[in-house]
Amino acid sequence: MSCEDENRGTVKVINNRYKPSGHFHYGSPNTPILNEMGKLLGVTNPRDITHIHSYGGEAIFFESLSKGKLLATRCDNPLCESHLSIYEPFRIHCPDCLVKATVLDITDLAKRTATVHSFMITERTGAFNTLEVPIKFVNVEFDGVCTILMGYLSLGNPKIGMKLLPIFNTKAPTYTILDISWVPAGTPESELPQNFTF
Amino acid sequence: MITFSDKQLKTPKMARPVYLVTGGMSKFARAFPDKRQEELCIDALTEAAEFIGMTPYELKKYIHTAYYGHFADHFGDQLLGEAAMHDRLGLDPLGNVGIKTGGATGGSTLWEAYKTVASGYSDCALAMGWERMDEVPTDEGNNYISFAADKDWETPLGHIYTGYYAVMAQRYWQIYGKEEDSFRRTMAEIAVKNRGYARMNPHAQGPMKITVEDVINSPVVAYPLLALDCCLMSVGAACGILADEKTAFELTDHPLRIDVAAGSHTLRVADRRNMEIPLLPNETKEQYADLGERFPGGDRYPGFTGFLAARMSAYYAYRMTGIHDPTEDLDLVELHDAFTISDIQTYEDIGIRPYGEGRTYVESGDCYHTNPNTGAPGKLPANLCGGLIGCMHAVGATGIMQVIEVGQHIWNRWAEMHSDEGKWKRFGREKPADWTDLQVKGAKRGLAISHAGVGSHVTCTILQDPNHTLEGGMFE
Ligand SMILES: [Zn+2]
């Protein structure tokens, strides 16, 4: 059985219980590690595992990316010192009063005010990276939002203060943070990467 | 939180003073294909015992509880590695616990052992840290390290932790470094200094005799970070023995007073909110009133340019020990130089220099063993072991190694521990013909900073000669 198996593990939830099906782990024999004299020093331990992960209260955020929407949250507790603070990254609960925060759609705010706070360009990646190199990270600030979202720039070269537009993987969503990316303000729709829309 | 109550800002008051009795460390290297981790930990414990003229067997008789710092279970593919180590060190059935705070794991391990002794639970505790980062290839290692970021919001972005840090470096580089060539050279000086000092350290993995130009011409990792601006990935172990006063003086005539404090900040840099700068004893609110004018963009605190966790660890530690001005009150420091630029940021967070002026600590020559501008002893030498850039970053061991290094200066035994031909030979390393004694003459007090990633955890450890403690500390 190879890990390219068509029957790789998938999961459904029925009655709030996980129902996995298919193969969640793939093993292959270990091999000896020898030195140049043929002396045994250790072994390799190959394996491939599929984890299951709940987004919980953040699921709405990741689901909305696939629909072209950027959600944030706001503390609406009038007794909280951070009353009316808006958070992006989305926080399920206010970090100060821990009351459940109100979900807001900030897609339009992002389109109007997204600005590069900082950035980074690198050719280096870790195993399992799926982004094109060089990777360009952008840290995006929005008017009236007290935190700064990290993402990746799909076109152009980043600069502090540069205006950006959000784009969304609505055609083949991965349901991960990679479904939102950024392009320089003024980019025409025809130049967007495959599967992405404004 | 962005405002703090008096209860939260309370200066820790321990029940009794705590002493560092001894410490030891293994050789550090990128890989040890021929050694299990326990062999390296036993090397460290043996060095600690021999340092005070005992056998490990004799020293173990004093240990009452054990604290194990080991960050990344993924690398060694072993859960409860601490329990395995505790057994291999032959310390069952004593109570023990594992500590994991990323790059600050070593410092946090000392923090736990310190509180145990201070509380009276134990009269003598072992703090042992290690890391095994050679059991996967480097790109898989990068992937594992990236899981120390938020796995939903950050890790999928390149699986490259250096990138999550580099966005902070970029901001500091542009706002405080003003993208000046002179600032680039100052960063490079740190890389040259630390790798140069590593040449005098038989334990060190990355000694190099290089120039500022070599650093500036090294490949870009994630601009503005160049290859020679970055720390090492290492394997090795380090340990310290902490005790109360009575036990400490039974074990040695020269124990050192140790105090440890800790701070934290958001795991994701993204979640940082603006707040007022918590002030250290040598700072005033007024001095920062025009920070944003002097450094446009620098009015956001901590923003991406300060490490609140480092600031808070110093905030507590200085008040616990009576430090008013670290540059005046301390004789040497070991800082967490994961990157040259984060080293500069830390000078400001811990008050060696005010915010915005970190670079002058290097440019003045104060951070050197011997000030290159004047030829006189440096005012506050930093990272004489080589730091994370020149010596090692075996994560769980790093913060402990730094404290032992500071201790060896205060014990006035640095040369003994670094010049021994037998040790150089045993480690398979060639002692340089120009080996230099870096002992800080007359050192009485020092500090070590242990720091995690983008600043989620930081500890500040202060060591003092018990006959030269500062006034204003907890017990003075
Ligand atoms: Zn609230």
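Below, read A as the first sequence line, B as the second, and so on, with proteins coming before strands; counting in each chain starts at 1.
Around CG of D181(B), the count of heavy atoms belonging to other residues, nucleotides or ligands within 6.0 Å does not exceed 12. At most 12 heavy atoms of other shown residues, nucleotides or ligands fall within 6.0 angstrom of atom CD in E276(B). In this structure, E189(A) places its CD atom where more than 12 heavy-atom neighbours from other residues, nucleotides or ligands lie under 6.0 Å away. More than 12 heavy-atom neighbours from other residues, nucleotides or ligands sit within 6.0 angstrom of NZ on K163(A). Heavy atoms of other residues, nucleotides or ligands lying less than 6.0 angstrom from CD of E39(B) number more than 12. In the displayed structure, K69(A) atom NZ is contacted under 6.0 Å by at most 12 heavy atoms of other residues, nucleotides or ligands.
The distance from atom CD of E81(A) to atom OG1 of T3(B), rounded to the nearest 0.5 Å, is 3.0 Å. Separation of atoms CG (N274(B)) and OG1 (T147(A)) is listed at 10.5 Å; rounding is to 0.5 Å.
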Assess whether side chain to side chain donor-acceptor pair (under 3.5 Å) is satisfied between S82(A) and R273(B), documenting all intermediate values.
-> CA-CA 11 Å; S82(A) 304; R273(B) 289 182 283 164; 3.2 Å; yes
Pair W153(B)-L149(A), side chain to side chain contact (heavy atoms under 4.5 Å, CB included): steps then yes or no | CA-CA 9 Å; W153(B) 291 76; L149(A) 181 67; 3.7 Å; yes
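Heavy-atom minimum distance, A222(B) versus T122(A): CB-CB, 3.9 Å. The two atoms that bring C146(A) and R300(B) nearest to each other are O-NH2, 3.6 Å, heavy atoms only.
P95(A) is not listed as a side-chain neighbour of M1(B), based on a closest heavy-atom distance of 4.5 Å or more. No side-chain heavy atom of T125(A) sits under 4.5 Å from any side-chain heavy atom of H159(B). You'll find the side chain of K151(B) reaches within 4.5 Å of the side chain of H53(A), heavy atoms only. For the pair I148(A) and F304(B), the minimum side-chain heavy-atom distance is below 4.5 Å. Annotation: side chain of F119(A) is not in contact with side chain of V167(B) (no heavy-atom distance under 4.5 Å). You'll find the side chain of L157(B) reaches within 4.5 Å of the side chain of I177(A), heavy atoms only.
Counting heavy-atom pairs closer than 4.5 Å to chain B, the top residue among T176(A), L41(A), N139(A) is N139(A). Ranking P33(B), G141(B), G163(B) against chain A, the residue ahead of the rest is G163(B), based on heavy-atom pairs under 4.5 Å. Annotation: maximal heavy-atom pairing with chain B below 4.5 Å, among G151(A), P134(A), S118(A), occurs at S118(A). Listed options D139(B), I2(B), I145(B) were ranked by heavy-atom pairs under 4.5 angstrom with chain A; first place goes to D139(B). Interface summary for chain A: among N143(B), V220(B), N142(B), the most heavy-atom pairs under 4.5 angstrom belong to N143(B). Residue with the most contacts toward chain B among I160(A), V133(A), T44(A), N35(A): I160(A) (heavy-atom pairs, distance under 4.5 Å).
Counting only distance, with no hydrogens or angles, the side chain of R171(B) and the backbone of H117(A) share a donor-acceptor pair below 3.5 Å.
Using a 4.5 Å cut-off between heavy atoms, E123(A) contacts chain B through its backbone alone, with no side-chain atom that close. At a 4.5 Å heavy-atom cutoff, the contact between I121(A) and chain B is made by backbone atoms alone. For chain B, the nearby parts of F90(A) are the backbone and the side chain; heavy atoms of each come within less than 4.5 Å. Interface remark: T138(B) contributes no atoms to any contact with chain A (heavy atom separation under 4.5 Å). The parts of E140(B) that come within reach of chain A are both its backbone and its side chain, each placing non-hydrogen atoms under 4.5 angstrom from that chain. Only the side chain of R268(B) comes within less than 4.5 Å of a heavy atom in chain A; its backbone stays farther off.
A salt bridge links D271(B) with R91(A); the closest basic N to acidic carboxylate O contact falls under 4.0 Å. The pair D77(B)-R47(A) meets the salt-bridge criterion, since a charged nitrogen lies less than 4.0 angstrom from a carboxylate oxygen.
Under the ring-ring contact (aromatic ring centres under 6.0 Å, His included) rule, F137(A) has a single partner from Y165(B), Y223(B), Y164(B), which is Y164(B).
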